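A short worksheet on the structure shown next.
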Amino acid sequence: MNNFETSIALFKEGKFAQALVEINEAIQTDGNNLEFYFFRARVFSRMGRFADSLEDFDRLSEQDPYNPTYISDRAVVLHLLKRNEEALAEFDRALNLEPKNPYRYSSRAYFKDRIGDHKGALEDYEKAIELDPDDAVAYNNKGLVEEKMGYIKRSKKSFEKSEELIGYKRPETPKASPETEPKARQELPEIEMEPMEESPKKVTLQSYIKTLKDVFTDEKTRKDFWNFLKSKIRSRKS
């Protein structure tokens, strides 16, 4: 494997410091490859080096100012730096570039929920679901927001729809044990950047749109995407 591939492998193992060494080597070899800076920005973010991550995203924005993936991930870093007004502006910009992409609404919704704008989050989740009625994650997170707003009946319907979409069947017994609690009703522990592709490919607007199209139209790709999300979530506290 080359330095970039090695860095990706180490990143997936959670060995971020070693991944950084390898991606830095890759950048020294090819300092014009935007994909390398994109990946390093993610490594920095996972290491908690948000200022360094933002520096790389700033470089990417200068070179490719209309790439919604760069913009959205940069918004995540701005949020982690507690620069929420700037983060919101970037989430808005990414959405304006892809107004028919339900993921853009879900991303902004999740951010709004984290900063306490539950009404705005609910509106964005509803728009995401309008664009993709089969998005179990959006229904689940919509239910979590509705719970916070006191809309208990509405949240129950959202959770039930999420469970239906992932094939969960509620047990008939009146009381469910912790082991039989619905897997749909879960909460992301931290704000996430967009899922990475398994194989290193140059990130372009065209390739990103193709990936999104596959996620929302191809059953196998969608299943893989859902499995990725399940690996990143934890059960809600009882």
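Every value quoted in this text rests on a predicted model; they were computed, and no experiment measured them.
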Rounded to the nearest 0.5 Å, the NZ atom of K148 sits from the NE2 atom of H118 at a distance of 5.5 Å
Residues E146 and K142 bridged, charged N to O under 4.0 Å:
yes
Exercise answer: donor-acceptor pairs, residues 17-25 side-chain atoms, under 3.5 Å, sequence neighbours excluded:
residue: E22; atom: OE1; partner: N3; partner atom: ND2; Å: 2.7
residue: N24; atom: OD1; partner: R40; partner atom: NH1; Å: 3.0
residue: N24; atom: ND2; partner: L20; partner atom: O; Å: 3.3

Distance-only, no hydrogens or angles: does the S61 side chain make a donor-acceptor pair with backbone N or O of F57 under 3.5 Å? yes
Geometric cation-pi criterion R108 and F91, 6.0 Å radius, 45° cone
no
Check your understanding: Taking the inter-plane angle between the rings of F4 and F36 on a 0 to 90° scale, is it parallel (under 30°), tilted (30 to 60°) or perpendicular (over 60°)?
Key -> tilted
Step through it carefully: locate the ring centre of F44, locate the ring centre of F50, and say whether they are under 6.0 Å apart. no
Quick check: do K156 and E160 have side-chain heavy atoms less than 4.5 Å from each other?
yes
Next item on the list: Report the relative orientation of the aromatic rings in H79 and F111; use parallel for angles under 30°, tilted for 30 to 60°, perpendicular for over 60°.
Entry: perpendicular
Closest non-hydrogen contact found for A138 with I129 is CB-CG1, 3.8 Å
Exercise. Is there a donor-acceptor contact under 3.5 Å from the side chain of S162 to the main chain of A136?
Worked result: yes
CZ (F39) and CD1 (I27) are apart, to the nearest 0.5 Å, by 10.5 Å
Residues Y125 and V145: closest non-hydrogen pair is CE1-CG2, 3.9 Å
| Would you find a donor on one side and an acceptor on the other, under 3.5 Å apart, between the side chain of E5 and the backbone of N2? | yes
Using modelled atom types and a 3.5 Å cut-off, is there a donor and acceptor pairing between side-chain atoms of D113 and backbone atoms of A109? no
In this structure, CG of N101 is separated from CG of D132 (nearest 0.5 Å) by 9.5 Å
In this structure, CD of E126 is separated from OG of S158 (nearest 0.5 Å) by 8.0 Å
Heavy-atom nearest pair, E147 first then I152, reads O-CD1, 4.4 Å
| Backbone N or O of L95 within a donor-acceptor pair of the Y105 side chain at under 3.5 Å? | no
When every non-hydrogen atom of A75 is compared with those of E90, the smallest separation belongs to CB-CB, 3.6 Å
#### Entry: Within 6.0 angstrom of E86 CD, more than 12 heavy atoms from elsewhere
yes
The reported gap from CG in D92 to CG in L97 (rounded to nearest 0.5 angstrom) is 11.0 Å
Legend entry - N141/S106 under side chain to side chain contact (heavy atoms under 4.5 Å, CB included): CA gap, chis, key distance, verdict: CA-CA 9 Å; N141 289 352; S106 290; over 6 Å; no
Open item on the list: Just so I know, are the side chains of L144 and F159 near enough to count as touching, which here means a heavy-atom distance under 4.5 Å?
Closed with: yes
Tightest non-hydrogen contact, residues V77 and S53, listed as CG2-OG, 3.4 Å
Looking only at heavy atoms, the pair that brings N67 and D64 closest together is ND2-OD2, 3.2 Å
Quiz item: Is it the case that one hydrophobic cluster holds both Y139 and L131, taking links as side-chain heavy atoms less than 4.5 Å apart, direct or via other members?
Solution: no
Value for CG (D117) from CG (L122), rounded to nearest 0.5 Å, stands at 10.0 Å
query = Counting only heavy atoms not in E13, do more than 12 fall under 6.0 Å of its CD?
reply = yes
Is there a side chain to side chain contact (heavy atoms under 4.5 Å, CB included) between L81 and L54? Walk through the geometry before answering.
CA-CA 9 Å; L81 285 167; L54 183 61; 3.8 Å; yes
Exercise. Are L10 and M47 connected in the hydrophobic side-chain network, where two residues link if heavy atoms are under 4.5 Å apart?
Worked result: no
Discussion item. Taking the basic N atoms (NZ, or NE/NH1/NH2) and the acidic carboxylate oxygens, is any pair closer than 4.0 Å for R59 and E62?
Written reply: no
So, the side chain of S107 versus the backbone of Y103: is there a donor-acceptor pair under 3.5 Å, distance only?
yes
Check your understanding: Got a salt bridge between E123 and K127, using NZ or NE/NH1/NH2 to carboxylate O under 4.0 Å?
Key -> no
Would you mind checking if R74 and D58 are paired as a salt bridge, meaning a charged N to carboxylate O distance below 4.0 Å? yes
- Answer yes if the ring centres of F38 and Y70 are under 6.0 angstrom apart, and no otherwise. yes
Handout entry: E163 side chain near N140 side chain, heavy-atom distance below 4.5 Å
Key = no
